[in-house]
Amino acid sequence: NYDKAIIYLNKKLDIYLDNYAKNKKNIVDTYASLALCYSFLGNHTNTAENYIKAIELGLKVEEVNKKDISGYYSRLSNCYDSHALNDNVKSNYFLNLSNQYKESNNNIKDGDYYYDQFDLSSRNEEYDKAKNYFFLAEEKYLEEKNFKWVFYLNFMGMDLAFQGRIFKPE
């Protein structure tokens, strides 16, 4: 039950905030957990607010790595896409920040990296690039045995195909 989880996480956050100096990483993790709960409830405004708090503090905390920051930016981007808060300018901005943090993380190009590139290219209507990133993301997700994201990626690809944007009949 996400409502109960939010109550618990807010109590946990209060405890951590009472001893801020020793709990910065835990505070970041709690904001991210709150964001995830709100996301599952479809509350995109509170999701975005908590990811922003996680990012702002996380950028100041050594124990928070660039991959985590990149993930928070990516999920924040999803809060603003056309299916949520409907601000594609902000969505693309946060997705670009996510990719910058991924690239600065030893140039790790995993399935998530290529999926974000696919998503950004699709949003910018650069469908040839999107198609290339689609195949790269699929390949990486299969290597990672991340079948949930292979399914999700193919669902997105089918949606774009039905719209005639990629994978058109020649």
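For clarity, every value in this text was computed on a predicted model and none was experimentally measured.
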Open item on the list: Ignoring hydrogens, what is the shortest heavy-atom contact between Asn1 and Asp3? Give both atom names and the distance.
Closed with: OD1-N, 3.0 Å

- [ ] Measure the spacing between CG of Leu57 and NZ of Lys25 and express it to the nearest 0.5 Å.
- [x] 10.5 Å

Task: pair Ile6-Leu41: side-chain heavy atoms closer than 4.5 Å - done: yes

- [ ] Sort out for me which residue in Ile69, Asp68, Val61 forms a side-chain contact (heavy atoms from CB on, under 4.5 Å) with Asn65.
- [x] Asp68

TODO: Test Phe118 against every option in Tyr127, Tyr133, Phe134, Phe135 by the ring-ring contact (aromatic ring centres under 6.0 Å, His included) rule and name the one that passes.
DONE: Phe134

- [ ] Is it possible for you to say whether Leu136 and Phe147 belong to one hydrophobic cluster, with membership spreading through side-chain heavy-atom contacts below 4.5 Å?
- [x] yes

- [ ] Mind listing the closest non-hydrogen atom pair of Cys37 and Leu9 along with its distance?
- [x] SG-CD1, 3.9 Å

TODO: Consider only side-chain heavy atoms of I, L, V, M, F, W and Y, link residues closer than 4.5 Å, and tell whether Leu153 and Phe151 are in one cluster.
DONE: no

Task: Side chain proximity check, Asn154 to Met158, heavy atoms < 4.5 angstrom - done: no

- [ ] Treat each ILVMFWY residue as a node, draw an edge where side-chain heavy atoms are under 4.5 Å apart, and state whether Trp149 and Leu142 are in one component.
- [x] yes

TODO: Look up atom CG in Asn26 and atom CD in Glu63, then write down how far apart they are to the nearest 0.5 Å.
DONE: 9.5 Å

Task: Side-chain touch Tyr80/Tyr93, heavy atoms, less than 4.5 angstrom - done: no

Task: Val28 reachable from Ile15 in the ILVMFWY side-chain graph, under 4.5 Å edges - done: no

Task: Asp18 atom CG, neighbour heavy-atom count above 12 within 6.0 Å - done: yes

Open item on the list: Under a 3.5 Å distance rule, please check whether Glu144 uses its side chain to pair with a backbone N or O of Gly111 as donor and acceptor.
Closed with: yes

Open item on the list: Using every non-hydrogen atom in the two residues, find where Cys79 and Ala48 come nearest and quote the distance to one decimal.
Closed with: SG-N, 3.8 Å

- [ ] Mind checking the OG1-OH spacing from Thr47 to Tyr38? Nearest 0.5 Å is all I need.
- [x] 8.5 Å

TODO: Evaluate the ring planes of Tyr115 and Tyr141, with Trp represented by its six-membered ring, and classify them as parallel (under 30°), tilted (30 to 60°) or perpendicular (over 60°).
DONE: tilted

Open item on the list: Once rounded to the nearest 0.5 Å, what's the spacing between atom OG of Ser74 and atom OH of Tyr51?
Closed with: 9.0 Å

Task: Rounded distance [0.5 Å steps], NZ in Lys12 versus CG in Leu34 - done: 9.0 Å

Task: Hphob cluster co-occupancy, Tyr31 + Tyr20, side-chain heavy atoms under 4.5 angstrom - done: yes

- [ ] Step through the shown structure and confirm whether more than 12 heavy atoms of other residues, nucleotides or ligands are within 6.0 Å of CD on Glu62.
- [x] no

Task: Whether Ser98 side chain and Phe94 backbone form a donor-acceptor pair below 3.5 Å - done: no

Open item on the list: Return the CG to OG1 distance between Leu85 and Thr45, rounded to the nearest 0.5 Å.
Closed with: 5.0 Å

